[in-house]
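What follows is one structure encoded as structure tokens, with my remarks underneath.
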Amino acid sequence: MSTLPTLPLGTTGMHITRTGFGSWAVSGPGWPYSWGATDDADSLAAIRHAVESGVNWIDTAAYYGLGHSEEVVAKALASLPAGDRPYVFTKAGLVGDPANPTAPAIRTMKPASVRRELEGSLRRLGVEAIDLYQVHWPDTGESFAYSGGTDGETVSPNATPLEEYWQLMADLKREGKVRAIGLSNHSVAELERAEAVAHVDAIQPPFSAVNRSAADTIAWARAHDTGVIVYSPMQSGLLTGAFTAERAASLGADDWRSTHPDFTTRLAANLALAEALRPVAGRHGVSVAEVAVAWTLAWPGLTGAIVGARSAAQVDGWLGAGSLTLTEADLSEIAETIVRTGAGEGPARGA
């Protein structure tokens with residue numbers, strides 16, 4: 001086992017490596033937000049390699065592959081010595097239909113539904129308690145459509161009020177079924193409402209050099225001793241340095257990225273930003289992907305970044321990011337590039 005830098009995850013008592021293994025991409029085909037076909041043997045090798053290289057946490061969700069991602073994570077955990085097993089973080093609140101797996105999920109945090117999801121996750125993962133249990137998205141009672149943010153969503157009269165579902169999460173923590181509780185994809189106003197009920201141990205927004213819209217929620221977390229783990233620091237592959245317009249055009253219909261604006265109408269600006277990271281990578285002798293992830297980790301208040309991989313080789317492409325320190329000159333150069341290319345949204349530098 002290698003040793004990687006760690007930071008405390010808020011007040012949870014857990015110290016996590018700056019990068020964690022994200023298992024969305026290894027969830028397999030046949031559901032609305034699949035990354036296409038995967039080989040479970042390759043996925044298991046990727047997880048094992050990440051953990052053996054020092055990564056000490058895995059992020060997954062019950063909705064990923066309608067449970068398949070958690071099953072893959074469980075197989076990886078079972079193959080590791082007990083003392084080497086990483087923390088496992090998972091999520092509730094998106095409920096798909098196994099009888100119709102390609103139908104949209106429903107965003108629901110009704111107590112009976114959440115408890116069913118939790119028991120299912122515990123069973124699939126083969127653990128007695130979840131280290132960090134997160135609300136995947138705010139409850140709207142409506143069908144889910146991934147947009148990368150929460151703006152413009154509609155809310156059904158049947159939606160569970162945030163105060164009610166956050167109290168439920170606090171109850172699960174008190175019962176010992178989960179060690180810590182978090183909110184993913186929630187706004188500052190929603191975090192304030194939750195904090196009035198029980199402390200928000202951690203948040204999980206999307207964040208990258210392209211998608212910087214969560215800067216305000218990260219600032220809120222920093223002020224409230226709340227841990228921050230972010231997803232999509234490489235913008236779902238766009239900032240790896242290996243993605244091209246040709247690759248975007250060849251994405252299969254079963255890959256959710258094939259119709260997303262980041263990979264269609266906004267593709268040129270995003271690729272221009274990725275290309276501009278190459279000189280920074282060259283100066284440090286690292287990959288473009290590592291620079292992209294290190295950029296997120298340099299943001300004030302950010303604890304760790306979730307990075308996906310479908311093979312051990314892909315893990316090696318970002319593993320060094322947690323140990324990479326970008327200089328002030330690097331960060332200024334990247335900020336200038338963000339402004340010049342017009343890629344994404346949000347502030348170009350952290351305050």
Side-chain angles (χ1 to χ4, degrees), residues 6-24 56-64 69-70 73 86-94 107-109 111 114-115 117-118 121-122 125 127 129-139 149-150 160 162-207 214 216-233 296 299 301-307:
T6 64
L7 284 179
L9 182 64
T11 58
T12 66
M14 291 182 276
H15 284 67
I16 64 169
T17 48
R18 301 302 314 278
T19 53
F21 188 95
S23 63
W24 178 7
N56 76 348
W57 55 288
I58 298 173
D59 183 82
T60 184
Y63 183 55
Y64 296 162
S69 173
E70 290 184 333
V73 170
Y87 297 125
V88 178
F89 306 161
T90 193
K91 314 177 196 73
L94 285 184
R107 288 166 57 167
T108 179
M109 283 293 295
V114 173
R115 287 187 178 275
E117 283 202 84
L118 175 59
S121 290
L122 291 170
L125 289 166
V127 298
I130 304 297
D131 293 306
L132 173 63
Y133 201 44
Q134 302 156 99
V135 181
H136 209 153
W137 288 81
D139 185 340
T150 59
T160 308
L162 184 149
E163 288 78 5
E164 291 185 20
Y165 67 71
W166 192 240
Q167 182 61 61
L168 169 64
M169 295 290 282
D171 292 344
L172 295 176
K173 180 179 176 180
R174 188 182 64 254
E175 293 167 14
K177 294 180 181 291
V178 302
R179 180 175 180 180
I181 51 176
L183 292 167
S184 180
N185 300 301
H186 283 63
S187 68
V188 168
E190 289 163 334
L191 296 175
E192 288 282 5
R193 290 168 57 192
E195 186 72 10
V197 174
H199 181 53
V200 179
D201 291 324
I203 65 169
Q204 185 187 136
F207 196 68
D216 59 343
T217 60
I218 295 171
W220 182 94
R222 187 183 185 191
H224 289 80
D225 293 325
T226 292
V228 180
I229 56 175
V230 299
Y231 68 89
S232 294
T296 68
W299 199 270
L302 203 147
T303 314
I306 301 164
V307 196

Return the minimal non-hydrogen interatomic distance between [X] and [Y], and the atom names on each side.
X      : Y      : answer
Pro86  : Asp131 : O-OD2, 4.4 Å
Val228 : Pro205 : CG1-CD, 4.4 Å
Ala62  : Glu117 : CB-OE1, 3.7 Å
Leu9   : Gly227 : CD1-CA, 3.8 Å
Ser121 : Glu70  : OG-OE2, 2.8 Å
Gly93  : Met109 : CA-SD, 3.6 Å

Hey, could you give me the [atom1]/[atom2] distance between [X] and [Y], rounded to the nearest 0.5 Å?
X      : Y      : atom1 : atom2 : value
Leu183 : Arg193 : CG    : CZ    : 11.0 Å
Thr303 : His15  : OG1   : NE2   : 10.5 Å
Thr12  : Asp225 : OG1   : CG    : 11.5 Å
Ile203 : Glu190 : CD1   : CD    : 12.0 Å
Tyr231 : Ser184 : OH    : OG    : 5.5 Å
Asp201 : Met169 : CG    : CE    : 9.5 Å

Find out whether [X] and [Y] are in side-chain contact, i.e. whether some heavy atom of one side chain is under 4.5 Å from a heavy atom of the other.
X      : Y      : value
Glu195 : Trp220 : yes
Asp139 : Leu162 : no
Leu168 : Arg115 : yes
Leu125 : Val73  : yes

Quick check: does any side chain N or O of [X] sit under 3.5 Å from a backbone N or O of [Y], one acting as donor and the other as acceptor?
X      : Y      : value
Ser69  : Trp24  : no
Lys91  : Tyr133 : no
Trp137 : Asn185 : no
Thr226 : Val200 : yes

TODO: Using the side chain to side chain contact (heavy atoms under 4.5 Å, CB included) rule, take Val114 and Leu172 through it: C-alpha gap first, then chi angles, then the decisive distance, then the call.
DONE: CA-CA 10 Å; Val114 173; Leu172 295 176; 4.1 Å; yes
Open item on the list: Given Leu132, which partner from the list Val178, Ile229, Ile16, Asp59 fulfils the side-chain contact (heavy atoms from CB on, under 4.5 Å) test?
Closed with: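 Among Val178, Ile229, Ile16, Asp59, the one that satisfies the side-chain contact (heavy atoms from CB on, under 4.5 Å) with Leu132 is Ile229.
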Open item on the list: As a test of understanding, state which of Leu7, Thr6, Val307 forms a side-chain contact (heavy atoms from CB on, under 4.5 Å) with Arg18.
Closed with: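 Result: among Leu7, Thr6, Val307, Leu7 is the only option passing the side-chain contact (heavy atoms from CB on, under 4.5 Å) with Arg18.
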- [ ] Please lay out, stage by stage, how Gln204 and Val230 fare under the test side chain to side chain contact (heavy atoms under 4.5 Å, CB included).
- [x] CA-CA 5 Å; Gln204 185 187 136; Val230 299; over 6 Å; no
- [ ] Would you sort out whether Arg179 and Tyr87 count as a side chain to side chain contact (heavy atoms under 4.5 Å, CB included), showing the intermediate values?
- [x] CA-CA 10 Å; Arg179 180 175 180 180; Tyr87 297 125; 3.4 Å; yes
- [ ] Applying ring-ring contact (aromatic ring centres under 6.0 Å, His included) between His136 and each of Phe89, Tyr64, Tyr63, Tyr165, report the one that passes.
- [x]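 Among the candidates, only Tyr64 passes.
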